[in-house]
Amino acid sequence: MAEAAAGRDRKRRVLIVEDEDNIAIALDYLLGREGLDRMRIATGLGAVERIRDDRPDLVLLDVMLPEVSGYEICQEVRADHSLSAVRIVMMTARGSALERRKALALGADGFIAKPFELKELRDELHRLLDVGGL
C-alpha cells in the first residue's frame, strides 16, 4: 500500500519528441508549470531507445520528425509489451480526421493538432496521467 502511495507522489515524467525548438520550449515551460519532469529529444532517431531507457509516463510525440516518423516510433513502442504503461500523445500541424484516426489506430492514447490550446493539452495530461490540480 505504501508503494502505491509512493508511486502517486512521484513526479510524472514526460518525454517531448519534437524537432521544432519553439514548440519544444513552449511545451517544456507549460509542463514545468504543471509540476511535471520533462525531457526532450529533437529527432525520431533514438527516440524508442530513449523511451526504453527513461520509461516516461507520457510521450508527446510529433508526427513529422527527421530520420524516423512519429508514426513509426508509436508503432515500435506499442510492439514492445514492456512499454505498455507508457502513454503516447501524437502532435501534428496536419490535424485532419485521417491523421487522428491513423495515430489512434497505431496505438496512440491521444492526439493534439498544432497549434494547440493550453486547455486541450492540460485536459490530455489530466486524462492520461491522472495528475491532480490541473
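For reference, positions follow the sequence shown, starting with 1.
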Verdict with supporting geometry, E76 and V68, side-chain contact (heavy atoms from CB on, under 4.5 Å)
CA-CA 11 Å; E76 193 171 337; V68 181; over 6 Å; no

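- A salt bridge links D21 to R40: one of the charged nitrogens lies within less than 4.0 Å of a carboxylate oxygen.
- Between L121 and E34, the closest side-chain pair of non-hydrogen atoms is not below 4.5 Å.
- Looking at heavy atoms from C-beta onward, D62 lies in side-chain contact with K114 at the 4.5 angstrom threshold.
- Inter-residue side-chain proximity for E18 and L60 is flagged as unmet; no heavy-atom pair is nearer than 4.5 Å.
- Remark: D80 pairs with R52, S82 by the side-chain hydrogen bond (donor to acceptor under 3.5 Å, both in side chains) rule, at least two apart or across chains.
- For the pair A103 and F111, the tightest heavy-atom approach, listed with the atom from each and the gap, is CB-CD1, 3.7 Å.
- M90 is listed as a side-chain neighbour of I88, based on a closest heavy-atom distance under 4.5 Å.
- Counting all heavy atoms, side chain and backbone alike, P66 lies closest to T43 at O-OG1, 3.1 Å.
- Checked against side-chain hydrogen bond (donor to acceptor under 3.5 Å, both in side chains), E72 has the following partners two or more places apart in sequence or in another chain: S69.
- Between the CD atom in E120 and the CG atom in L125 there is a gap of 11.0 Å [rounded to 0.5 Å].
- Judged as a salt bridge (Lys or Arg N to Asp or Glu O under 4.0 Å), and not counting sequence neighbours, D53 has no contacts.
- Cluster annotation: L98 and I112 are assigned to distinct hydrophobic clusters (Ile/Leu/Val/Met/Phe/Trp/Tyr, side-chain heavy-atom contacts under 4.5 Å, transitive).
- The shortest distance between side-chain heavy atoms of I51 and I73 falls below 4.5 Å.
- Under the 3.5 Å distance criterion, the side-chain polar atoms of R13 are matched with a main-chain donor or acceptor of D54.
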Set out, in order, the CA-CA distance, both residues' side-chain angles and the distance that settles salt bridge (charged side-chain N to carboxylate O under 4.0 Å, His left out) for R78 and D109, then state yes or no.
CA-CA 11 Å; R78 288 301 173 237; D109 299 287; 2.7 Å; yes

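- Within 6.0 Å of the CD atom in E49, the count of heavy atoms belonging to other residues, nucleotides or ligands exceeds 12.
- The backbone N or O of L36 lies less than 3.5 Å from a partner atom in the side chain of R38, making a donor-acceptor pair.
- One distance of note links CD of E117 with CG of D123; it measures 11.0 Å at 0.5 Å rounding.
- Side chain of E20 to backbone of N22: no donor-acceptor contact under 3.5 angstrom is found.
- Nearest heavy-atom pair across C74 and A108 is SG-N, 3.6 Å.
- Following chains of ILVMFWY side-chain contacts shorter than 4.5 Å, one cannot reach I25 starting from V89, and the two form parts of different hydrophobic clusters.
- Taking a cutoff of 4.0 Å between a charged side-chain nitrogen and a carboxylate oxygen, K102 and E99 do not qualify as a salt bridge.
- Note: the hydrophobic cluster containing L104 does not contain F116 (ILVMFWY, side chain heavy atoms under 4.5 Å, direct or indirect links).
- With values rounded to the nearest 0.5 angstrom, E124 atom CD is found 9.0 Å from L58 atom CG.
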Can you list the steps and then say if L31 with I16 is a side-chain contact (heavy atoms from CB on, under 4.5 Å)?
CA-CA 10 Å; L31 296 172; I16 301 165; 3.8 Å; yes

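- Within the 4.5 Å cutoff, no side-chain heavy atoms of V59 are placed close to those of V77.
- The two residues D57 and K11 make their nearest non-hydrogen contact at OD2-O, 4.3 Å.
- For the atom pair OG1 (T92) and CZ (R100), the distance works out to 11.0 Å, reported to the nearest 0.5 Å.
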